[in-house]
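Here the structure is laid out as C-alpha coordinates; the discussion comes afterwards.
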Amino acid sequence: MVRLRGELNSGKAPRVRRKLLRAFARAPSVLEVDLGKVTYLAPENRALLLAAAAVAHRSGTHFMIIHASARSLRVLGELGMQRLMDAPLLPDP
(Lines give C-alpha, C1' and ligand atoms only; values in the text may rest on other atoms or scores of the structure.)
Protein backbone atom coordinates (compact mmCIF):
# COMPACT_ATOMS: atom_id res chain seq x y z
CA MET A 1 0.00 0.00 0.00
CA VAL A 2 1.13 3.50 -0.82
CA ARG A 3 -0.19 6.10 1.60
CA LEU A 4 -0.07 9.68 0.43
CA ARG A 5 -0.97 12.69 2.52
CA GLY A 6 -1.04 16.44 2.64
CA GLU A 7 -0.93 18.95 -0.16
CA LEU A 8 0.59 17.12 -3.11
CA ASN A 9 1.62 20.14 -5.15
CA SER A 10 3.94 19.91 -8.15
CA GLY A 11 7.01 20.09 -5.92
CA LYS A 12 6.00 16.84 -4.24
CA ALA A 13 5.79 14.90 -7.53
CA PRO A 14 9.32 13.44 -7.18
CA ARG A 15 8.43 12.07 -3.72
CA VAL A 16 5.19 10.56 -5.02
CA ARG A 17 7.05 9.03 -7.95
CA ARG A 18 9.64 7.47 -5.62
CA LYS A 19 6.92 5.97 -3.41
CA LEU A 20 5.16 4.47 -6.41
CA LEU A 21 8.41 3.09 -7.86
CA ARG A 22 9.32 1.49 -4.51
CA ALA A 23 5.90 -0.13 -4.37
CA PHE A 24 6.24 -1.55 -7.89
CA ALA A 25 9.77 -2.78 -7.11
CA ARG A 26 8.20 -5.24 -4.65
CA ALA A 27 6.19 -6.72 -7.58
CA PRO A 28 2.88 -6.70 -5.71
CA SER A 29 -0.16 -8.57 -6.96
CA VAL A 30 -2.28 -5.71 -5.56
CA LEU A 31 -1.28 -2.08 -5.23
CA GLU A 32 -3.54 0.17 -3.18
CA VAL A 33 -2.97 3.92 -3.14
CA ASP A 34 -4.53 5.57 -0.10
CA LEU A 35 -5.49 9.20 -0.74
CA GLY A 36 -7.44 9.59 2.50
CA LYS A 37 -5.21 12.32 3.90
CA VAL A 38 -4.53 14.15 0.64
CA THR A 39 -5.78 17.73 0.66
CA TYR A 40 -4.66 18.70 -2.86
CA LEU A 41 -3.60 16.65 -5.86
CA ALA A 42 -1.64 18.67 -8.43
CA PRO A 43 -1.84 17.73 -12.12
CA GLU A 44 1.70 16.27 -12.02
CA ASN A 45 0.66 13.86 -9.29
CA ARG A 46 -2.58 12.98 -11.05
CA ALA A 47 -0.48 12.09 -14.09
CA LEU A 48 1.76 9.90 -11.92
CA LEU A 49 -1.26 8.03 -10.57
CA LEU A 50 -2.60 7.55 -14.08
CA ALA A 51 0.80 6.27 -15.26
CA ALA A 52 1.01 3.92 -12.26
CA ALA A 53 -2.44 2.55 -13.04
CA ALA A 54 -1.40 1.97 -16.65
CA VAL A 55 1.79 0.16 -15.60
CA ALA A 56 -0.20 -1.97 -13.16
CA HIS A 57 -2.78 -2.75 -15.83
CA ARG A 58 -0.11 -3.89 -18.30
CA SER A 59 1.76 -5.96 -15.69
CA GLY A 60 -1.29 -7.68 -14.23
CA THR A 61 -1.12 -5.89 -10.88
CA HIS A 62 -4.50 -5.04 -9.39
CA PHE A 63 -4.51 -1.26 -8.84
CA MET A 64 -6.90 0.47 -6.47
CA ILE A 65 -7.30 3.98 -5.15
CA ILE A 66 -8.88 4.07 -1.72
CA HIS A 67 -10.15 6.77 0.64
CA ALA A 68 -10.03 9.52 -1.99
CA SER A 69 -12.10 12.68 -1.66
CA ALA A 70 -15.05 13.19 -3.97
CA ARG A 71 -13.11 15.93 -5.76
CA SER A 72 -10.07 13.71 -6.35
CA LEU A 73 -12.30 10.91 -7.58
CA ARG A 74 -14.06 13.24 -10.01
CA VAL A 75 -10.78 14.53 -11.45
CA LEU A 76 -9.26 11.05 -11.72
CA GLY A 77 -12.45 9.81 -13.33
CA GLU A 78 -12.27 12.59 -15.91
CA LEU A 79 -8.73 11.47 -16.73
CA GLY A 80 -9.98 7.97 -17.52
CA MET A 81 -8.55 6.29 -14.44
CA GLN A 82 -11.50 3.91 -14.11
CA ARG A 83 -10.68 2.00 -17.28
CA LEU A 84 -7.26 1.08 -15.81
CA MET A 85 -8.49 -0.02 -12.39
CA ASP A 86 -9.83 -3.26 -10.98
CA ALA A 87 -12.17 -1.62 -8.50
CA PRO A 88 -14.63 1.23 -9.02
CA LEU A 89 -13.64 4.77 -8.16
CA LEU A 90 -16.10 5.31 -5.33
CA PRO A 91 -16.08 7.63 -2.34
CA ASP A 92 -15.92 6.08 1.11
CA PRO A 93 -19.36 5.45 2.64
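A quick note: this is a predicted structure, and the numbers were derived from the prediction, not measured.
Atom NE2 of His62 and atom CD of Glu32 lie 11.5 Å apart (nearest 0.5 Å). Residue Met85 holds its CE atom at 8.0 Å from CG of Leu76, rounded to the nearest 0.5 Å. One distance of note links CD of Glu44 with CG of Leu8; it measures 11.0 Å at 0.5 Å rounding. Taking CZ of Arg5 as the start and OG1 of Thr39 as the end, the distance is 12.0 Å to the nearest 0.5 Å. Here the OH-CG distance, from Tyr40 to Asn9, works out to 7.5 Å after rounding to the nearest 0.5 Å.
The heavy-atom pair separating Val30 from Met64 by the smallest distance is CG1-CE, 3.4 Å. Closest approach of Pro28 to Ala23, counting heavy atoms only: CD-O, 3.2 Å.
A distance-only check finds no donor-acceptor pair linking the side chain of Asn45 to the backbone of Leu48 [under 3.5 Å]. Of the possible polar contacts, none joining the Ser72 side chain to the Ala68 backbone as a donor-acceptor pair under 3.5 Å is found. For Asp34 (side chain) and Ile65 (main-chain N/O), no donor-acceptor pair under 3.5 Å exists by modelled atom type. Arg46 places a side-chain N or O within donor-acceptor distance of the main-chain N or O of Leu41, the cut-off being under 3.5 Å. At distances below 3.5 Å, not a single donor-acceptor pair connects side-chain atoms of Lys37 with backbone N or O atoms of Leu4.
The 12-atom threshold is not exceeded at CZ of Arg71, counting heavy atoms of other residues, nucleotides or ligands nearer than 6.0 Å. The environment of Arg74 atom CZ is dense: over 12 non-hydrogen atoms of other residues, nucleotides or ligands sit within 6.0 angstrom.
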For this session: Run the numbers on Met1 and Leu31 for side chain to side chain contact (heavy atoms under 4.5 Å, CB included), then give the verdict.
Result: CA-CA 6 Å; Met1 177 180 297; Leu31 179 55; over 6 Å; no

For this session: List the steps, then state whether side chain to side chain contact (heavy atoms under 4.5 Å, CB included) holds for Leu50 with Leu84.
Result: CA-CA 8 Å; Leu50 191 63; Leu84 298 170; 3.8 Å; yes

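At a threshold of 4.5 Å between non-hydrogen side-chain atoms, the residues Phe63 and Met81 count as touching.
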